[in-house]
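These notes are about the structure you will find just below.
Quick caveat: nothing in here was measured; it's all calculated off a predicted structure. The first residue of the sequence shown is numbered 1, and numbering continues consecutively from there.
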Amino acid sequence: MTSRIAFVGGGNMARAIIGGLIDSGWPAQAITVIEPHAPTAAALERDFAIAVQSQGDATLAEAACVVWAVKPQVLKEVALALRPLLGASLHLSIAAGVTTPSLQGWLASARIVRAMPNTPALIRKGMTGLFAAPSVSEADRQLAQRIAQAVGQVQWVEQEALLDAVTAISGSGPAYVFYFLEAMQQAGESLGLTRAQAYRLAVATFEGAAALAAASDEPPEVLRQRVTSKGGTTFAATSAMDACDLQAHFMAAIQASSTRAAEMAREFG
Ligand SMILES: NC(=O)C1=CN([C@@H]2O[C@H](COP(=O)(O)OP(=O)(O)OC[C@H]3O[C@@H](n4cnc5c(N)ncnc54)[C@H](OP(=O)(O)O)[C@@H]3O)[C@@H](O)[C@H]2O)C=CC1
Ligand SMILES: O=C(O)[C@@H]1CCC=N1
């Protein structure tokens, strides 16, 4: 029988994971959500035919896994409020920055796995970083991994601090890709393409280049060199990027994401 999963918070990321789980064959009847915002709750019920409650009830204790998917800012308050209703479940937190020791204290449980998914989970192309303290059982690790793998690939890390790096690369990463897509679309338009033409070209290019990188044994700088003809168009573009130190700026932006994850642990943990 499929394990019951209860989501606390039914926002963007929970929706992505729920969509991926159902798409991968997880029964809708085995998923419940606690989501107080009525329009969000109604949309989840409509789109996925799952049970959505405005607040927790006794059925929360029946979940094999509770997925904590509220904002880090409110996680402590929500966890303490629901604590009397919790059973002996695994707790899977997707909140950026909130640490295992904080969660252990709020939930009065050591059965905690932290996950850092990303929104491509919605189409089962997610990448999820996972961390569990050494005391967490193999069965709990397997259940967390099963949920994450239902929506894409997983990468375990051995030190909790590395989840901040995962957050900065793959958690926030889809936004970086969309940021570049926006720029490529606007540039294409300014060069005379229609908005739709430019967007289609840009999306297909990301798709194709990522698939090529995934299929290749060669490092990205070699793949880039293959595109770059001597004195040609790509060289003109990458030289302009180098002239404004784009790579260093981009790396600093990723560092800022990781630093923010660590700060959030101090603010909300
Ligand atoms: N978005 C992303 O790409 C990623 C997000 N995360 C993490 O996922 C978590 C959720 O983020 P995201 O989905 O973007 O945020 P959202 O704000 O979209 O979702 C959070 C949801 O929780 C609801 N909520 C608020 N209070 C309660 C409560 N007491 N009980 C139950 N639900 C409540 C919110 O309702 P309301 O709007 O009314 O407040 C909202 O619908 C965060 O901790 C974030 O760090 C992790 C990886 C990637
Ligand atoms: O922006 C955030 O804080 C969350 C975590 C990673 C992606 N979104």
Side-chain angles (χ1 to χ4, degrees), residues 1-72 74-75 78-79 81-96 98 103 107 109 111-130 132 136-155 170-171 174:
M1 203 188 97
T2 311
S3 305
R4 171 160 294 281
I5 305 175
F7 286 80
V8 179
N12 292 314
M13 198 60 234
R15 163 174 277 272
I17 299 174
I18 292 165
L21 282 168
I22 290 176
D23 196 32
S24 74
W26 208 285
Q29 315 87 274
I31 299 174
T32 53
V33 183
I34 300 171
E35 170 55 61
H37 190 235
T40 308
L44 286 169
E45 280 177 331
R46 184 194 62 224
D47 296 344
F48 301 118
I50 51 176
V52 184
Q53 309 164 348
S54 60
Q55 53 187 19
D57 65 18
T59 60
L60 191 57
E62 294 161 19
C65 180
V66 178
V67 180
W68 296 88
V70 292
K71 293 275 186 222
V74 300
L75 181 47
V78 176
L82 289 176
R83 186 156 125 179
L85 297 173
L86 298 173
S89 64
L90 166 68
H91 297 284
L92 182 62
S93 168
I94 66 165
V98 180
L103 293 162
L107 300 170
S109 170
R111 294 181 62 190
I112 288 164
V113 177
R114 279 186 63 194
M116 180 43 57
N118 64 11
T119 55
L122 190 56
I123 54 159
R124 301 184 64 197
K125 297 272 186 191
M127 182 72 227
T128 301
L130 291 167
V136 173
S137 72
E138 189 52 32
D140 281 348
R141 287 166 195 263
Q142 292 289 333
L143 177 54
Q145 180 164 319
R146 213 173 123 214
I147 293 168
Q149 273 178 336
V151 296
Q153 303 182 54
V154 301
Q155 176 68 58
S170 56

Q. Roughly how far, to the nearest 0.5 Å, is the CG atom of L130 from the CD atom of Q149?
A. 8.5 Å
Q: Take E138 and Q142, measure what side chain to side chain donor-acceptor pair (under 3.5 Å) needs, and give me the verdict at the end.
A: CA-CA 6 Å; E138 189 52 32; Q142 292 289 333; 2.8 Å; yes
Q) Checking side chain to side chain contact (heavy atoms under 4.5 Å, CB included) for the pair T32/I50: CA distance, chi angles, key distance, verdict? A) CA-CA 6 Å; T32 53; I50 51 176; over 6 Å; no
Q) Given side chains that start at C-beta, do those of V66 and V8 come closer than 4.5 Å, heavy atoms only? A) yes
Q. Roughly how far apart are L92 CG and C65 SG, rounded to 0.5 Å?
A. 5.0 Å
Q.
Less than 3.5 Å apart, any donor N or O on the side chain of Q53 or T59 sitting next to an acceptor on the other?
A. yes
Q. Between V113 and V136, is a side chain to side chain contact (heavy atoms under 4.5 Å, CB included) present by the stated rule, with each step listed?
A. CA-CA 8 Å; V113 177; V136 173; 4.1 Å; yes
Q | Side chain proximity check, I34 to L82, heavy atoms < 4.5 angstrom | A | yes
Q: For the pair Q155 and T128, evaluate side chain to side chain contact (heavy atoms under 4.5 Å, CB included) and give the outcome as yes or no after the intermediate values.
A: CA-CA 6 Å; Q155 176 68 58; T128 301; over 6 Å; no
**Q.** pair S3-L143: side-chain heavy atoms closer than 4.5 Å
**A.** yes
Q: Working to the nearest 0.5 Å, report the span between OG of S93 and CG of L107.
A: 8.5 Å
Q) What distance separates I5 CD1 from W26 CH2, expressed to the nearest 0.5 Å? A) 4.0 Å
**Q.** Rounded distance (nearest 0.5 Å) linking atom OG of S137 with atom CZ of R111
**A.** 6.0 Å
Q) Judged by atom type as modelled, is there a donor-acceptor pair below 3.5 Å linking the side chain of R4 to the main-chain atoms of E62? A) no
Q. Are any non-hydrogen side-chain atoms of I31 and F48 less than 4.5 angstrom apart?
A. no
Q.
Under a 3.5 Å distance rule, please check whether R114 uses its side chain to pair with a backbone N or O of A96 as donor and acceptor.
A. no
Q. Between N118 (side chain) and M127 (backbone), is there a donor-acceptor pair under 3.5 Å?
A. yes
Q | Derivation and outcome, side chain to side chain contact (heavy atoms under 4.5 Å, CB included), residues S54 and E35 | A | CA-CA 5 Å; S54 60; E35 170 55 61; over 6 Å; no
Q) Looking at CH2 of W68 and CD1 of I94, how far apart are the two atoms once the value is rounded to the nearest 0.5 Å? A) 12.5 Å
Q. When you measure from the side chain of R124 to the backbone N and O of A150, does any donor-acceptor pair fall under 3.5 Å?
A. yes
